[in-house]
There are 2 protein chains.
Amino acid sequence: MRLTTKGRFAVTAMIDVAMHGGEGPVTLAAVSGRQHISLSYLEQLFGKLRRSGLVGSVRGPGGGYHLAKPSDQMSVADIIIAVDEPIDATQCGGRENCHDDRRCMTHELWSSLNEHIFSFLGGITLAELVRQQRQPAPTEVAVMKDLRLPSAGVPPPKVPVGEPV
Amino acid sequence: MRLTTKGRFAVTAMIDVAMHGGEGPVTLAAVSGRQHISLSYLEQLFGKLRRSGLVGSVRGPGGGYHLAKPSDQMSVADIIIAVDEPIDATQCGGRENCHDDRRCMTHELWSSLNEHIFSFLGGITLAELVRQQRQPAPTEVAVMKDLRLPSAGVPPPKVPVGEPV
DNA sequence: TTATACCCGAACGATTTAGTCAACTAAATC
DNA sequence: GATTTAGTTGACTAAATCGTTCGGGTATAA
């Protein structure tokens with residue numbers, strides 16, 4: 001798992017779609033306007049998100065993108081994986097480039113770190129980010145504390161989250 | 001915090017130094033030979049590691065690099081921070097580029113995610129990686145399980161970690 | 001004094017990022 | 001059916017980063 005700004009753009013855009021998806025498909029032009037991400041870049045990102053099955057698209061007037069799954073069944077890791085092509089991590093891909101005696105420390109080392117970061121980000125759902133975004137951002141510490149309850153099986157919110165826009 | 005291969009190279013090299021530091025300074029040429037990383041690239045990385053106070057250097061014949069702190073007081077996060085220049089994360093740096101009403105989701109969002117990843121990697125010490133590297137790599141699962149005990153306040157090992165090399 | 005090894009910086013190709021442009025297709029609406 | 005909306009695709013660009021190569025330094029042990 002690689003962490004760059006690309007994944008952040010994708011997550012930000014997905015939050016936007018999740019927040020404005022109440023009234024039908026969300027156009028990338030709207031996301032672009034709200035999040036200040038270039039339209040064409042969004043097109044590239046959403047092409048990948050669509051091919052990964054995270055969003056669906058509706059063409060023509062009134063069209064746009066919508067989440068393909070409920071936001072509480074979509075994790076940050078899903079989104080990042082979709083847009084950030086996987087890094088090869090091992091540097092000695094499949095080749096026996098590994099060393100004579102102590103063969104490629106990085107192998108198990110980084111794959112395990114990746115596993116951890118992946119499972120961490122996999123525990124944070126889009127729904128949580130949206131909920132967090134709705135309440136008027138408290139201190140960063142509080143946000144952080146709030147984030148650290150991945151709560152594996154997120155109970156679907158009884159009270160519909162209320163799309164005020 | 002950004003995760004790229006650059007940080008992995010640095011961590012790998014630091015593990016190598018930690019493992020071979022028993023007999024005095026470790027030359028970058030030796031690290032280069034063992035880890036298959038170009039010498040000049042190592043020089044760049046160790047320049048940063050040195051300026052960050054993670055390693056010390058000895059010039060001249062018989063010289064090389066040594067850890068500036070015990071390996072159990074040095075975390076993976078320390079190393080990555082030292083070599084990976086910080087990503088600006090916020091996209092709207094200091095400017096009030098933030099939006100009209102809902103101003104820059106990414107701000108608190110990603111800073112909190114960064115905090116988490118940082119604290120996760122900050123809990124893994126170089127000493128743990130070295131110890132893990134010494135035992136003949138079991139299954140990845142076992143390695144992974146072993147890694148997930150960050151042990152926040154690392155107690156200084158009564159028994160010196162034993163640098164047999 | 002010479003070989004060793006750290007130090008420094010410039011330059012390079014490859015890849016990735018982020019953005020732009022242009023042409024196309026599907027669908028809704030007038 | 002013509003037009004408009006909006007997704008779809010591809011090529012192309014500037015900038016940054018990655019990893020490397022080269023060429024020179026300087027300090028120090030032998």
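As the structure is a prediction and not an experimental result, all values here were calculated from the model.
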Could you tell me how far apart Lys6(A) (NZ) and dT17(D) (C1') are, to the nearest whole angstrom?
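In whole Å, dT17(D) C1' lies 14 Å from Lys6(A) NZ.
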Leu28(A) CG to dT9(D) C1', in whole Å, measures 14 Å
Within residues 38-62 of chain B, those residues having any heavy atom closer than 4.0 Å to DNA chain D are Ser38(B), Ser40(B), Tyr41(B), Gln44(B), Arg59(B), Gly60(B), Pro61(B)
Hey, mind stepping through Val17(B) and Phe46(B) against side-chain contact (heavy atoms from CB on, under 4.5 Å) and telling me if it holds? CA-CA 11 Å; Val17(B) 170; Phe46(B) 275 77; 3.8 Å; yes
*Could you tell me which residues satisfy side-chain hydrogen bond (donor to acceptor under 3.5 Å, both in side chains) with Ser75(A), sequence neighbours excluded, listed by chain and number?*
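Partners of Ser75(A) under the side-chain hydrogen bond (donor to acceptor under 3.5 Å, both in side chains) test: Asp78(A).
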Exercise. In what stems does DNA chain C take part, counting only runs of at least 3 consecutive Watson-Crick or G-U pairs whose two distances fall under 3.5 Å?
Worked result: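 Counting only runs of 3 or more consecutive pairs, the stems involving DNA chain C are C:1-30 with D:1-30.
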Say whether, by atom type as modelled, one donor and one acceptor occur between the side chain of Glu128(A) and the main chain of Thr125(A) under 3.5 angstrom. yes
Check: Ile37(A) main-chain N/O paired with Ser32(A) side-chain donor or acceptor under 3.5 Å: yes
Tell me the closest heavy-atom pair linking [X] and [Y], and the distance in Å.
X: Thr12(A); Y: Gln35(A); value: CG2-OE1, 3.4 Å
X: Leu67(A); Y: Met14(A); value: CD2-CE, 3.8 Å
X: Arg2(A); Y: Thr4(A); value: CG-CG2, 3.7 Å

Under a 4.0 Å heavy-atom criterion, DNA chain C is touched by chain A from dT17(C) to dA28(C)
_With sequence neighbours excluded, residues passing ring pair (Phe, Tyr, Trp, His ring centres under 6.0 Å) with Phe118(B)_ =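 With neighbours one apart ignored, the set is empty.
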task: Pick base, sugar-phosphate or nothing for Val83(B), based on heavy-atom distances below 4.0 Å to the nucleic acid.
output: nothing
**Request:** Just jot down the salt bridge (charged side-chain N to carboxylate O under 4.0 Å, His left out) partners of Lys6(A), sequence neighbours excluded, or say none.
**Result:**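 Here no residue qualifies.
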Q. Hey, are the side chains of Tyr65(B) and Ser57(B) touching, using non-hydrogen atoms and a 4.5 Å cut-off?
A. yes
